[in-house]
Amino acid sequence: MSKAAELAALIGSQSALSNRNLIINGAMQVAQRGTSGINSAAGGGICADRHKGFSNGGGVFSMEQSSTVPNNEFAYSSKLTVTTADSSIASADYYSFQQTIEGYNIIQTGYGTSDAKRLVLSFWVRSSVTGKYSVTCFNNGGTEGYLNTFNISSANTWQKVELSWIGRTSGTWLKTNGAGMIIRFDLGGGSSGHGTADQWTTTSGYGNTRTADSVDWIATNGATFYMTGLQLEIGEQATPFEHRSYGDELVACQRYTYVYNSERSGGYDQAISSMSKWSNGYAYGAYNFPCTMRTAPSGTAYNTNQFTIYIAGSTGQPNTELNIEVASPVSCEMNVQTSLGSTGESGMFRKTGSGTGASAGYIVFDAEL
Amino acid sequence: MNITSAKYIAPISGEPNTILAVIDGYNTFVPINSDNRHYAEIMRQVAAGDLTIADAD
């Protein structure tokens, strides 16, 4: 398509010229939790931010941020690799790679109203397993779903896929901070998820995740699946991938996950929180998130021996117990057990350890959908 | 997610607002907020009889 035709198509679609991609981190450039060594899970493992890998069965696939890309427009892709195959998938089991879009971000689609608009999904994909693949647009709970299919005819070869479907005027589509829309790529599943392609279907929940003749990618040990350039937009046809700045994409991701020390650095001090000693043997401090998160996040600290508490000019005491409480979308409270100082004295909580990579001290704040 | 234990945490004052849960082998501090996916899963497992939240120390 010529540039003039692309522009005409974009204007004709009455879609936004910017922020038209409803997918966050479609170019897979942000990976706060780590760039490799992350597995799919029943609750959804995450490597590239916002993209979850689900395993609901005996199979497992690993996820990593890969530099294998279709062209120089992209620097990264998500690479999935089957590490534990499931070649006899139970009827209710499924494997998928998906992004759940917050309800606030799908308001303009008009889904669930008479003004529901046509959507277009485009992406680059590459797989070692050829055949038919399914991808479904679901509402929260999967009671409304439009099942699309695409074919990969040449193994280990990048191809661009464009799919579109009519808007859904019925059903419940949340326009809140809950799950508004789910784009789910099927990687294998049992008969309970079998459905009919190219139509909207109402089920009791995720009942049309794949066609019966879709491939079970998860059945092949060592199979690989790459994806990048994932874009979902309002319109009649796909427009070029919308590249947002790294900073914009990072902040968009941090609404759902914020990782303190996501770079896994070590060897120098980083302030975490100013603290005051309480009468109960703990020092307390506030920690503010860099942006307003979707909801109050869970907090998980890793390698906490890499953190140190200082009170009243002391030389510091390695952390032995860190608690994260009173979380809101904008902040939380940290408290650290310490024998240093006296009640009311002030201090500082820092990351001080030299550990890097898997040994680094870091904290994950999770407000994912 | 694999949740193996859960316990309320006693705050400085007021009612507990956080649950300390061991999720996938790591201590995870989960706010008592139904929009939080970990809290929702904890409560789903509690309702199913698969998990009990211990009182705060």
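Quick note on labels: first sequence line is chain A, next is B, and so on, each numbered from 1. Because only heavy atoms are used, hydrogens play no part in the values below, and waters and symmetry mates are left out as well, while side chains stay in. All of these numbers come straight from a predicted model, not from anything done at the bench.
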Peer 1: Is it true that, when you exclude B:Glu15 itself, more than 12 heavy atoms of the residues, nucleotides or ligands shown sit nearer than 6.0 Å to its CD?
Peer 2: no
Peer 1: Counting heavy atoms not belonging to B:Asp50, are there more than 12 under 6.0 Å from its CG?
Peer 2: yes
Peer 1: So for A:Leu322, is it side chain, backbone, both, or neither that comes closer than 4.5 Å to the heavy atoms of chain B?
Peer 2: backbone
Peer 1: I'd like to verify something: which residue of A:Gly44, A:Ser328, A:Pro297, A:Gly45 has the highest number of heavy-atom pairs under 4.5 Å with chain B?
Peer 2: A:Pro297
Peer 1: At a heavy-atom separation under 4.5 Å, does A:Ala367 approach chain B through its side chain, its backbone, both, or neither?
Peer 2: neither
Peer 1: To the nearest 0.5 Å, what is the distance between CD on A:Glu333 and CZ on B:Phe29?
Peer 2: 11.0 Å
Peer 1: Does any heavy atom of chain B fall under 4.5 Å from the side chain of A:Asp366, the backbone, both, or neither of them?
Peer 2: both
Peer 1: Would you mind telling me which of A:Asn280, A:Asn323, A:Thr304 has the largest number of heavy-atom pairs within less than 4.5 Å of chain B?
Peer 2: A:Asn323
Peer 1: At a 4.5 Å cut-off on heavy atoms, which part of A:Thr295 comes close to chain B: side chain, backbone, both, or neither?
Peer 2: side chain
Peer 1: Using atom types as modelled and distance alone, determine if a side-chain donor or acceptor of A:Arg294 lies under 3.5 Å from a backbone N or O of B:Asp35.
Peer 2: yes
Peer 1: What option among A:Gly43, A:Ala301, A:Gly299, A:Ala41 has the most heavy-atom pairs under 4.5 Å with chain B?
Peer 2: A:Gly299
Peer 1: Relative to chain B, which segment of A:Ala296 carries a heavy atom at a distance below 4.5 Å: side chain, backbone, both, or neither?
Peer 2: both
Peer 1: Above 12 or not: heavy atoms from other molecules or residues under 6.0 Å from CG of A:Asn288?
Peer 2: yes
Peer 1: Return the CD1 to CD distance between B:Ile9 and A:Glu325, rounded to the nearest 0.5 Å.
Peer 2: 5.0 Å
Peer 1: So what's closer than 4.5 Å to chain B heavy atoms on A:Tyr282: side chain, backbone, both or neither?
Peer 2: neither
Peer 1: Does a donor on one side chain sit under 3.5 Å from an acceptor on the other, for A:Ser298 and B:Asn36?
Peer 2: yes
Peer 1: Hey, what do you get for OG1 (B:Thr28) to CD1 (A:Ile324), rounding to the nearest 0.5 Å?
Peer 2: 9.0 Å
Peer 1: Looking only at heavy atoms, which two atoms of A:Lys52 and B:Arg37 are closest? And how far apart?
Peer 2: NZ-NH1, 3.7 Å
